[in-house]
Asks: 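Sharing a structure below in structure tokens format, with a few things to ask.
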Amino acid sequence: MKARRNKKQVPSFRKLLKTSKVKLENKLKNKQFKQQSTLKKYRKEQRKLRQAVRDAVSKKPVPLEDPKEKRPGKRIEREEEEEEEALPLDMMDEDDLQLMKDLGQRASFLTRDLSSSEPIHAKKRKHERVIDKYEKIPRTLQTAPEKELIHLLPIKDKSGIIPQTREKPVIDSNQDEEDQEETEPEEEIIEEPIRELTLEEHLIERKKKLQEKKMHIAALASAIISDPESNIKKLKELRSMLMEQDPDVAVTVRKLVTVSLMELFKDITPSYKIRPLTEAEKSTKIRKETQKLREFEEGLVSQYKFYLENLEQMVKDWKQRKLKKSNVVSLKAYKGLAEVAVKSLCELLVALPHFNFHNNIIVLIVPLMNDVSKSMLKTFLCLRIKEVEVKKDTEDINKPKKFMTFKEKRKSLSRMQRKWKKAEEKLERELREAEASESTEKKLKLHTETLNIVFVTYFRILKKAQRSPLLPAVLEGLAKFAHLINVEFFDDLLVVLHSLIESGDLSYQESLHCVQTAFHILSGQGDVLNIDPMKFYTHLYKTLFKLHAGATNEGVEIVLQCLDVMLTKRRKQVSQQRALAFIKRLCTLALHVLPNSSIGILATNRILMHTFPKTDLLLDNESQGSGVFLPELEEPEYCNAQNTALWELHALRRHYHPIVQRFAAHLIAGAPSEGSEALKPELSRR
């Protein structure tokens, strides 16, 4: 018995598990099949029930006690006054008794047509066709009210009596009311006209609307800045305000929203470029934090793209100069909106050069430089070309390391040393590439090419368009970059500048730029040239009194820069007579201008008195030499400035501005660096 038991194989756990799974699946399938069959039977019974109810409603009811009427092939006419008594079973014919037994065995009471004694299966297909047709008819709810019927005389035919009815006509009360309203006089329909607001009331209403819009913009912006990842959807709400439709505040609101969105993108944009996700990255499962970050990045890029498209549309609307159908913004307002849009694009390009769509912004901005209202030449003033001079000084100190050639290595190094040297040089090259530091030669070459393009543009305008409105920007640019101009162009350039001054076509500020450019040339590489700039000194001396004495103070800063280059930096080439004449004229000029300009002029006089110590003779009343001072003479060398005194300082000492008083007293005392009349450090350093 034990041997037989050992021979019998015991099923493994995996096999048992497998068979149990098969059994469970079979049970589940059987259960589903039973449910489906039960549901089919239920639906079938319901269809039969509905058909039986329809047949019972449509046909005339027959008493159940009269089974003789259900005999096939016979028709028994009923008499209204006679009633037949039901026969007991022992008095019925054998045929009738057999029929009743068959009816009870074949079908139930509710699912059969009791008015017919035909077999059930004979009409089964016919009934199913009727049911299918009925099921295909779309169901409609009876929303219309029930109509009232009028009963007419019935009609009698072979099948029986057929009742006759007709719908009663209904009078529409709503139609009667509309007809009555149309007959009423028109005076009752006319509404009272809306009262027009006065100008003051309209401004108050506009101010109220604008304040509400500002508060809404501020609330959205603060919510976005506080938590950008959670409130990224509010960018869309804020951007929708770019389409403001209220004509009273549309232009102002659109400008405010444009600037607000620009500042928001500058604050919440990450310091890296966001790339689109690949299909593999989208399908992988990630953490909730990573998913939230991805949603933020996708929303940020999409809203940033739509914002740039809105700015582009503003610029296009201004270019086309066509009113839209909404007519919310006037043609004049298009220019203001376009300017705000362009400034926002430029700000984004400078602040986010690494982010998405920076190339698209460049493509949009560059063609706008050809517009009449844009100052394109003034962009050259922002070039940092002065870096070339700094690099020139440090070029010899930080020379690039020179690697040994193969012949030098073979002569001085052994085989093992050459191997180590090669590996060391390779490592140094890799480190240099990793640092990504541009060489001095590369920067110098790039700056030289840029300067060539700038100067070619400037010289072309000077040669062919001397009366162009571009000339002020050209002269200002030449004054800034004059120290970088090639020496070969100095003579021709100075001749052109002097001819421009003598022509009289320039404004005073433009002529000052010409003087400034000339002395920048002469103070740099032009020291080697033997050129007498006396005509430029004369021009500045005779035009000093043309300075604007009003609130603008135009030209004062340029005059002080010119005096620094002409007198202080060229002290060895300036005579004492010239220095005396300029100090005297500057003190006279300080009486005419506003306090801020007076302080600058007096500070310049203080520097000149320190640079030319012998000019202190202007503080004495005694005359030096022969002749009389000629203030109206336009030549500083021959006006006899040594025979006058700085009496203007005593008038400035009683000036209403305290700092002007302090400077005047300091100059009267001889501009000492120590003592009671010396200036305080915060004033002397200015």
Side-chain angles (χ1 to χ4, degrees), residues 507-509 511-512 515-516 537-564 566-568 574 576-612 614-624 627-672 677-680 683-684 686:
S507 64
Y508 181 61
Q509 197 165 358
S511 64
L512 289 177
V515 174
Q516 188 180 11
Y537 282 103
T538 303
H539 174 73
L540 182 62
Y541 180 78
K542 70 180 181 182
T543 57
L544 276 177
F545 290 147
K546 292 183 179 180
L547 273 175
H548 198 291
T552 55
N553 285 321
E554 292 181 357
V556 174
E557 186 177 357
I558 303 174
V559 166
L560 298 180
Q561 292 174 0
C562 290
L563 290 171
D564 181 58
M566 295 166 65
L567 300 175
T568 306
V574 177
Q576 184 179 351
Q577 295 294 331
R578 196 180 303 172
L580 291 171
F582 270 99
I583 291 174
K584 174 62 178 177
R585 181 148 290 197
L586 286 174
C587 284
T588 307
L589 180 64
L591 295 172
H592 303 164
V593 294
L594 294 178
N596 53 351
S597 300
S598 296
I599 294 170
I601 292 172
L602 293 176
T604 303
N605 268 347
R606 176 177 179 271
I607 295 172
L608 292 177
M609 292 176 72
H610 287 167
T611 306
F612 303 95
K614 294 183 179 180
T615 55
D616 59 352
L617 58 89
L618 293 175
L619 302 176
D620 296 335
N621 292 331
E622 298 179 0
S623 59
Q624 301 288 333
V628 181
F629 174 61
L630 303 173
E632 71 279 359
L633 193 65
E634 296 179 352
E635 294 290 338
E637 292 284 349
Y638 308 107
C639 66
N640 298 326
Q642 73 278 2
N643 293 325
T644 186
L646 299 179
W647 56 266
E648 296 88 356
L649 295 177
H650 293 276
L652 291 170
R653 194 174 185 178
R654 296 188 293 273
H655 199 276
Y656 69 89
H657 200 283
I659 299 181
V660 176
Q661 296 177 11
R662 190 75 192 87
F663 263 100
H666 174 71
L667 291 178
I668 289 174
E677 297 297 333
L679 291 177
K680 294 180 180 180
L683 293 178
S684 61
R686 290 187 178 181

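In this chain, residues are counted from 1 in sequence order.
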Asks: Heavy-atom distance under 4.5 Å between the side chains of Leu618 and Trp647, does that happen here?
Replies: no

Asks: Does Phe612 have any ring pair (Phe, Tyr, Trp, His ring centres under 6.0 Å) partners at least two apart in sequence or in another chain, and if so, which?
Replies: none

Asks: Once you round to the nearest 0.5 Å, how far does CZ of Arg578 lie from CD1 of Ile583?
Replies: 13.5 Å

Asks: Quick one: salt bridge (charged side-chain N to carboxylate O under 4.0 Å, His left out) partners of Arg585, sequence neighbours excluded?
Replies: none

Asks: Listed by chain and number, what are the side-chain hydrogen bond (donor to acceptor under 3.5 Å, both in side chains) partners of Gln661, not counting sequence neighbours?
Replies: none

Asks: Side-chain contact test, heavy atoms from C-beta onward, threshold under 4.5 Å: evaluate it for Pro595 versus Ile659 and give yes or no.
Replies: no

Asks: Which heavy atom of Gln642 sits nearest a heavy atom of Leu617, and at what distance?
Replies: O-CD1, 3.8 Å

Asks: Can you tell if the side chain of Pro672 reaches within under 4.5 Å of the side chain of His666, non-hydrogen atoms only?
Replies: yes

Asks: Could you pull out all residues at least two apart from Thr588 that satisfy side-chain hydrogen bond (donor to acceptor under 3.5 Å, both in side chains)?
Replies: Glu648

Asks: Hey, could you give me the CG/CZ distance between Leu679 and Phe663, rounded to the nearest 0.5 Å?
Replies: 5.0 Å

Asks: Testing the basics here: between Tyr541 and Ala581, what is the closest heavy-atom pair and its distance to 0.1 Å?
Replies: CE1-O, 3.6 Å

Asks: In chain order, what residues pass the side-chain hydrogen bond (donor to acceptor under 3.5 Å, both in side chains) check against His655, with sequence neighbours excluded?
Replies: none

Asks: With a 4.5 Å heavy-atom cut-off, do Gln576 and Leu580 have their side chains touching?
Replies: yes

Asks: Please report the interatomic distance CE(Met566) to CG(Leu540), rounded to the nearest 0.5 Å.
Replies: 4.5 Å

Asks: Nearest 0.5 angstrom please: Leu586 CG to Leu560 CG, how far?
Replies: 8.0 Å

Asks: Quick check: do Leu602 and Leu649 have side-chain heavy atoms less than 4.5 Å from each other?
Replies: yes

Asks: I'd like to check the side-chain hydrogen bond (donor to acceptor under 3.5 Å, both in side chains) partners of Thr611; sequence neighbours left out, ordered by chain and number.
Replies: none

Asks: At their closest point, which heavy atom of Ser598 faces which heavy atom of Ala590, and how far apart are they?
Replies: OG-O, 2.8 Å

Asks: Got a second to check how far Met609's CE is from Lys614's NZ, nearest 0.5 Å?
Replies: 15.0 Å

Asks: Quick one: list whatever passes side chain to side chain contact (heavy atoms under 4.5 Å, CB included) with Ala664, sequence neighbours left out.
Replies: Leu652, Arg653

Asks: Give the minimum heavy-atom separation between Leu512 and Gly555, together with the two atoms involved.
Replies: CD1-O, 3.9 Å

Asks: Of all residues at least two apart in sequence or in a different chain, which pass the side chain to side chain contact (heavy atoms under 4.5 Å, CB included) check with Tyr638?
Replies: Leu633, Glu635

Asks: Is there a donor-acceptor pair closer than 3.5 Å between any side-chain N or O of Tyr508 and the backbone N or O of Thr543?
Replies: yes

Asks: Do the non-hydrogen side-chain atoms of Asn640 and Val628 ever get within less than 4.5 Å of each other?
Replies: no

Asks: Less than 4.5 Å apart, side chain to side chain, heavy atoms only: is that true for Ser511 and His539?
Replies: yes

Asks: Rounded to the nearest 0.5 Å, what separates atom OG1 in Thr615 from atom NZ in Lys584?
Replies: 13.5 Å

Asks: Do Leu567 and Tyr537 have side chains that approach each other closer than 4.5 Å (heavy atoms only, starting at C-beta)?
Replies: yes

Asks: Testing the basics here: between Ala641 and Phe629, what is the closest heavy-atom pair and its distance to 0.1 Å?
Replies: CA-CD1, 3.6 Å

Asks: Restricting to side chain to side chain contact (heavy atoms under 4.5 Å, CB included), what partner residues turn up for Ser597, sequence neighbours left out?
Replies: Asn553, Val556, Val593

Asks: Under the salt bridge (Lys or Arg N to Asp or Glu O under 4.0 Å) rule, what pairs show up with a residue in residues 586-600, not counting sequence neighbours?
Replies: none

Asks: Excluding sequence neighbours, so at least two apart, what forms side chain to side chain contact (heavy atoms under 4.5 Å, CB included) with Ala651?
Replies: Leu591

Asks: Where do Ile599 and Val660 land on the side chain to side chain contact (heavy atoms under 4.5 Å, CB included) test, with the steps shown first?
Replies: CA-CA 6 Å; Ile599 294 170; Val660 176; 3.7 Å; yes

Asks: Please report the C-alpha distance between Leu646 and Leu667 in whole Å, then the side-chain angles of each, then the deciding distance to 0.1 Å, and finally whether the side chain to side chain contact (heavy atoms under 4.5 Å, CB included) criterion is met.
Replies: CA-CA 10 Å; Leu646 299 179; Leu667 291 178; over 6 Å; no

Asks: Using the salt bridge (charged side-chain N to carboxylate O under 4.0 Å, His left out) criterion, which residues pair with Glu677? Sequence neighbours excluded.
Replies: Arg662

